[in-house]
Amino acid sequence: MLNLLLLLLPVLDTQGLVQSGLSNANSSVQTTNINNETEKIISPTMRDYTIDNKIHSSNNDSQSLIVEKTTDILNALLTGYDSRLRPGFGSGKPVVVGITLLIDSIGPISEVAMNFRVDFNIRQFWKDPRLAFSNGVGNGIDSDLTLSHEMLPKLWLPNIYFPESLEATTHDVMTPNILLRISPHGDVLYSARATVVGKCPMNLRYFPLDSQRCKIIMESYGYTADDLVLEWLSKNGSAPVEVLPTDTAQFAYDNTYQIKNYTLKFATGVFSDLEISFVFTRKLSFFIIQLYLPATLIVMLSWLSFWVSTHSIPARATLAITCVLTMITLIGGANDSLPKVSEVKAMDIYLAMCFAYVFGALIVFSAAVYFSSKSPKPKKIPLTANDIELTIGSNQASTNMDSLKGPKDELLVHVESGRAATHPQRCCTCGVDMIDKVSRWLFPISFTTLKILYWTIYVNVDKLTDLDP
């Protein structure tokens, strides 16, 4: 019995394996069918997703490759690079630094402090052969490299400063406003945004009809002209200096400027300099409204005293003195906002002329009162009876009153509340009246003539002749 069971076991196992194999085969076929059906349903979406993943993976790979190559380029360029030495050191030739400016805004301009403020972008161009990566170092990268400001301390930079500036700052909001770019051939672009408060010596001789010239000077602080030369650069056909539309409260700028380059000799050597100057013309409307028009009206108001009778002394004195005091106040207020300079300004000449006419009206009033007080007054003369004429009604009948002779043949006739009647002489007031009549015409005509002469001279004069070229 035992031997029979041992003989049947292989047969049973073989049938089980066959059945197991068949069942596994059936389940495999069913699974394959299910997978095929599922693939038929979702294959378009899955295919796009797979393609996108491959493209994204390919882009990441290429981007990573570019980053690695760029890092390798920078590491190779900085290997052995000494930022303490200028480009071309030892060759005997100076490095040429080209400068361009983009003026963002100008102002304010102060007469009291004699300075002005400028916001601009300064761009510096030079060639450093040590930074070229087109000779095999670039590893296939032939485009410019725009770098972070953190790269600046590792490179040589021309130490440009502004000799006549009172204050100079660079901007760092939100990060330092700096552009650093290196071309495959070693051309370097270094651009920074700066604000400079510079000196602006002013000639106030023609104030407020003046024009002022303010300038900015750039110079290398540590490198002489043997090592570094500055020059204005016209990049891509554009002007070396571009000025955005700008205007100030008191000055008008017509978008014109002058540029030049030169060398200056100091005790430490000869240095290369660049200069740009701006010409500003003062706006006149404010001063016409606040200065010229009030002064003219005060002068015209003082002329009213010529029509006031000399017997009205309080009224005439009040008018004349008030005009004088008002002119003094106006002159003081006009000079409060100006520096205390010794030169005579155009404004001072006009105000002095107005003050002279106002003070002249006060002098005329004093002269009229004086001569009026010196004129002879009417005298009381005793009348004889032969000199008295009585006018009665419209017939104007005259009667000889010889019968009214009194002692010493004199008669005093009492009229006007008991005062003695007089035979008055003519008062000498013609001279006083003549002073006022002449002043009524002389003052306006002469003042108008001087005003025309004043504006003709100061409007047409060249205000820039006295300024530095």
Next item on the list: Would you mind reporting whether Gln212 and Phe251 have side-chain heavy atoms less than 4.5 Å apart?
Entry: yes
Next item on the list: Answer with yes or no whether the side chains of Asp273 and Thr263 bring together a donor and an acceptor at under 3.5 Å.
Entry: no
Next item on the list: Could you pull out the closest heavy-atom pair between Pro163 and Ile217, with the gap in Å?
Entry: CD-O, 2.9 Å
Check: If you draw the axis of the six-membered ring of Phe306, does the NZ or CZ of Arg440 fall within 45° of it and under 6.0 Å from the ring centre?
Finding: no
Checklist line | For Leu209, the option from Phe287, Tyr350, Trp455 that meets side chain to side chain contact (heavy atoms under 4.5 Å, CB included) | finding: Trp455
Item checked: Backbone N/O of Thr175 and side chain of Asn177: donor-acceptor pair under 3.5 Å -> yes
Note to self: For Val299, is there any backbone N or O sitting under 3.5 Å from a side-chain donor or acceptor partner on Ser302?
What the structure shows: yes
Next item on the list: Examine distances only and state if a side-chain atom of Ser110 and a backbone atom of Ala113 form a donor-acceptor pair shorter than 3.5 Å.
Entry: yes
Next item on the list: With rounding to the nearest 0.5 Å, note down the distance linking CZ in Phe116 to NZ in Lys215.
Entry: 10.0 Å
Checklist line | Nearest non-hydrogen partners of Asp144 and Pro184, listed with the distance | finding: OD1-CD, 3.3 Å
Next item on the list: Can you sort out the partners of Ser238 under side chain to side chain donor-acceptor pair (under 3.5 Å), two or more places apart, ordered by chain and number?
Entry: none
Check: So with a 6.0 Å cut-off around CH2 of Trp441, is the heavy-atom count from everything else above 12?
Finding: no
Item checked: Listed partners of Asp172 passing side chain to side chain contact (heavy atoms under 4.5 Å, CB included), at least two apart -> Pro176
Notebook entry, point to check: Counting only N and O atoms by type, is there a donor-acceptor contact under 3.5 Å from the side chain of Arg282 to the main-chain atoms of Asp210?
Noted result: no
Item checked: Atom CE of Met300: over 12 foreign heavy atoms under 6.0 Å -> no
Item checked: Donor-acceptor pair, side chain of Tyr357 and main chain of Phe447, under 3.5 angstrom -> yes
Notebook entry, point to check: Rounded to the nearest 0.5 Å, how far apart are CD1 of Ile276 and CH2 of Trp232?
Noted result: 5.0 Å
Next item on the list: For a side chain to side chain contact (heavy atoms under 4.5 Å, CB included) with Ser191, tell me which candidate from Leu179, Thr100, Leu102 qualifies.
Entry: Leu179
Margin query: Is it the case that over 12 heavy atoms from other parts of the model lie below 6.0 angstrom from the OH atom of Tyr262?
Written below: yes
Notebook entry, point to check: Are Met347 and Pro208 close enough that some pair of their side-chain heavy atoms sits under 4.5 Å apart?
Noted result: yes
Checklist line | Evaluation steps, side-chain contact (heavy atoms from CB on, under 4.5 Å), between Thr224 and Val270 | finding: CA-CA 6 Å; Thr224 64; Val270 179; 5.8 Å; no
Checklist line | Contacts of type side chain to side chain contact (heavy atoms under 4.5 Å, CB included), residue His185, not counting sequence neighbours | finding: Lys127, Ser134, Ser183, Asp187
Check: Judged by atom type as modelled, is there a donor-acceptor pair below 3.5 Å linking the side chain of Glu343 to the main-chain atoms of Leu204?
Finding: yes
Margin query: Quick one: does any side-chain atom of Ser272 pair with a main-chain N or O of Leu230 as donor and acceptor, under 3.5 Å?
Written below: yes
Check: Per the side chain to side chain donor-acceptor pair (under 3.5 Å) rule, which among Thr195, Asp119, Asn121 passes with His171?
Finding: Thr195
Notebook entry, point to check: So Tyr458 and Tyr454, would you call those rings parallel, tilted or perpendicular, with 30° and 60° as cut-offs?
Noted result: tilted
Item checked: Min side-chain heavy-atom separation Glu219-Phe266 under 4.5 Å -> yes
Next item on the list: Find out whether Phe162 and Met218 are in side-chain contact, i.e. whether some heavy atom of one side chain is under 4.5 Å from a heavy atom of the other.
Entry: yes
Margin query: Test your reading of the model: is there a side-chain donor-acceptor pair from Arg130 to the backbone of Asp82, 3.5 Å cut-off?
Written below: yes
Check: Does atom CZ of Arg117 have more than 12 heavy-atom neighbours, drawn from other residues, nucleotides or ligands, at distances under 6.0 Å?
Finding: no
Check: So, does Tyr223 use its side chain to make a donor-acceptor pair with the main chain of Asp226 at under 3.5 Å?
Finding: no
Check: Side chains of Ile106 and Phe120: closer than 4.5 Å at any heavy-atom pair?
Finding: no
Check: Is Lys154 close to Leu77 at the side-chain level, that is, under 4.5 Å between some pair of heavy atoms?
Finding: no
Margin query: The test is side-chain contact (heavy atoms from CB on, under 4.5 Å); show your working for Met114 and Leu166 and say whether it passes.
Written below: CA-CA 11 Å; Met114 289 197 176; Leu166 301 175; over 6 Å; no
Margin query: With heavy-atom distances below 4.5 Å as the criterion, would you say the side chains of Trp126 and Leu157 are in contact?
Written below: yes
Margin query: Whether the side chain of Glu164 engages the backbone of Ile216 through a donor-acceptor N/O pair (distance < 3.5 Å, no angle test) should be reported.
Written below: no
Notebook entry, point to check: Is the shortest heavy-atom distance from the side chain of Asn460 to the side chain of Thr456 under 4.5 Å?
Noted result: yes
